[in-house]
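Each remark here refers to the structure printed beneath this line.
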Amino acid sequence: MTAVHVPGIPVIEDGRLISTNPATGEEAGRFRVATPDDVTRAVDRARPAGDWWAGLGFTGRRERLLRWRGLLARRIEELAQLMHVEGGKPVPDAVVEILTAIEHVDWAARNAGRVLGPRRVRSRLILAEFTGHLEYQPYGVVGVIGPWNYPVLTPIGSTGYALAAGNAVVFKPSEYTPAVGQWLVDSFAEVVPEQPVLTAVHGLGDVGAALCRSGVGKLAFTGSTATARKVMAACAESLTPVLLEAGGKDAMIVDADADLDAAAEACVWGGLTNAGQTCIGIERVYAVEPVFDAFVGKVVARAERLTVGAEAADIGPITMPGQLDVIRRHIDDALASGGRAVLGGADAVRPPYVHPTVLVDVPESSAAVREETFGPTLTINRVPDADEAVRRANALPYGLGGAVFGRKRAVAIARRLRSGMASINSTLTFAGMSTLPFGGVGDSGFGRIHGEDGLREFGRAKSITRRRARSLLPSTTFERTAADVARLVKAAKLMYGRR
Ligand code: NDP
């Protein structure tokens with residue numbers, strides 16, 4: 001039976017998952033749908049591959065990962081074009097995304113040995129007769145579940161670090177972007193042909209659920225908060241540790257001493273890049289009263305210049321057709337509850353596109369302020385001062401990133417944001433800095449990818465002590481005497497008893 005193809009909606013036909021461009025309906029690829037047994041088999045095959053990969057050591061893996069990095073860089077146009085065809089993402093956005101991912105592979109490859117490799121740790125006066133050793137050992141096989149909105153950067157943010165740490169990876173790409181996911185796997189196999197160290201399993205959510213229950217050593221999930229809860233529940237059955245990178249509703253704060261032109265430029269990009277389909281995208285802005293009108297004017301002037309369309313446009317189609325209803329509902333709710341559209345508005349949703357929309361004075365209770373919109377829309381609300389801006393920014397259960405524009409108080413404000421990350425006088429930049437950890441708090445998830453914390457996320461700490469001398473003050477033995485215990489009491493008071 002032949003399924004009806006609606007542009008952008010993945011279908012399963014004859015056991016194959018078919019992905020199509022959301023604007024044109026052009027087919028991007030078709031992939032065999034994995035059964036739960038296939039998923040288990042993929043993980044079983046990955047286990048010995050992981051042992052082999054771990055056995056290469058940091059140097060062997062570094063060399064191969066840097067070769068993969070080189071291949072990604074040389075084929076950047078090819079991959080960007082595929083991302084454009086499959087998800088509708090404008091090619092320049094795709095290029096920036098791939099470049100960022102390449103930087104992460106490079107950093108993870110070069111730094112895994114330093115961060116995770118065996119090293120001696122200092123002992124203290126207690127147990128001074130022992131040396132301490134620490135290393136981070138791989139989990140074996142890591143399962144990675146990815147979303148469609150950044151189909152290269154988000155899986156590589158987990159996969160690149162998991163591989164550098166010595167794990168094999170079984171990857172379940174989003175059903176909306178299987179072709180990009182398979183491309184990543186195939187390109188890795190070109191530089192590591194010996195063993196199935198990185199493989200993909202395709203299908204719908206049930207395939208992701210099967211991966212959670214497949215016996216992987218750890219599960220790294222990136223996607224919505226609702227699915228994150230299901231993933232954690234499934235992993236709880238076997239106590240499989242999880243890393244959850246979930247949704248967000250990031251706020252930007254514009255203080256009175258901000259450079260308004262720079263703030264407006266960064267706000268428009270941070271909110272509308274990738275058609276607003278960005279987990280760390282700016283969705284709400286709080287500008288202090290004295291600069292509010294000028295700031296809104298500058299945002300509108302920039303946002304209204306953006307082009308919308310399938311080819312060579314600033315804003316491409318909405319990748320997931322079902323999201324159009326969410327975006328429409330948020331705009332309608334903002335307007336019905338007293339907000340005003342100073343750009344776009346009720347008629348901005350013209351499937352498969354959404355035209356730039358700027359809403360002001362939107363009640364904080366509105367869905368447009370409280371829920372993830374995932375479209376090229378911004379709410380900008382006026383606040384009396386930066387303290388009130390922080391209070392409102394922190395009022396939601398989400399806590400992924402955020403941005404602050406200002407001078408004198410910007411750092412203090414950024415530190416007070418209840419979020420895993422923040423950028424000052426720019427938007428989204430923390431995602432590209434490979435030395436910084438990336439992740440959220442609250443409904444945005446927990447655990448970190450990127451940076452040293454991101455490497456440690458994919459290794460189990462292994463602690464070893466080794467005796468180097470006889471114990472002068474025996475404590476960890478039944479052969480200790482009453483006099484030894486008395487000396488221990490005296491030592492405890494001497495060392496820790498001071499007030
Ligand atoms: P979803 O949660 O819908 O899907 C994410 C992945 O989980 C997909 O591969 C999906 O498969 C899979 N999945 C679905 N159901 C299950 C299940 N029961 N068990 C296991 N896996 C399952 O998110 P989207 O793909 O729509 O991505 C958008 C969301 O991701 C937004 O909320 C965004 O904020 C967030 N995100 C977070 C990031 C971060 O770093 N914090 C980065 C990027 C996005 P299928 O697609 O086949 O249903």
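Just follow the structure's listing: the first ligand is 1, and inside any ligand the first atom is 1.
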Thr35 side chain to Asp38 side chain, donor-acceptor N/O pair below 3.5 angstrom: yes

message = Do His84 and Glu311 make a side-chain contact, defined as non-hydrogen atoms from C-beta onward lying under 4.5 Å apart?
response = yes

Hits for ring-ring contact (aromatic ring centres under 6.0 Å, His included) against Trp68, two or more places apart or cross-chain, chain-then-number order -> Phe188

To the nearest 0.5 Å, atom CG of Leu198 lies from atom CG of Asn167 at 11.5 Å

Protein neighbours of ligand 1 with a heavy atom under 4.0 Å, given by chain and number, are Ile145, Gly146, Pro147, Trp148, Asn149, Thr154, Lys172, Pro173, Ser174, Glu175, Gly203, Leu204, Gly205, Gly208, Ala209, Phe221, Thr222, Gly223, Ser224, Thr227, Lys230, Val231, Glu245, Ala246, Gly247, Gly248, Cys279, Glu372, Phe374, Leu400, Phe438

Applied to residues 138-161, the salt bridge (Lys or Arg N to Asp or Glu O under 4.0 Å) test, sequence neighbours excluded, yields none

For Phe458, the ring-ring contact (aromatic ring centres under 6.0 Å, His included) test, sequence neighbours excluded, returns none

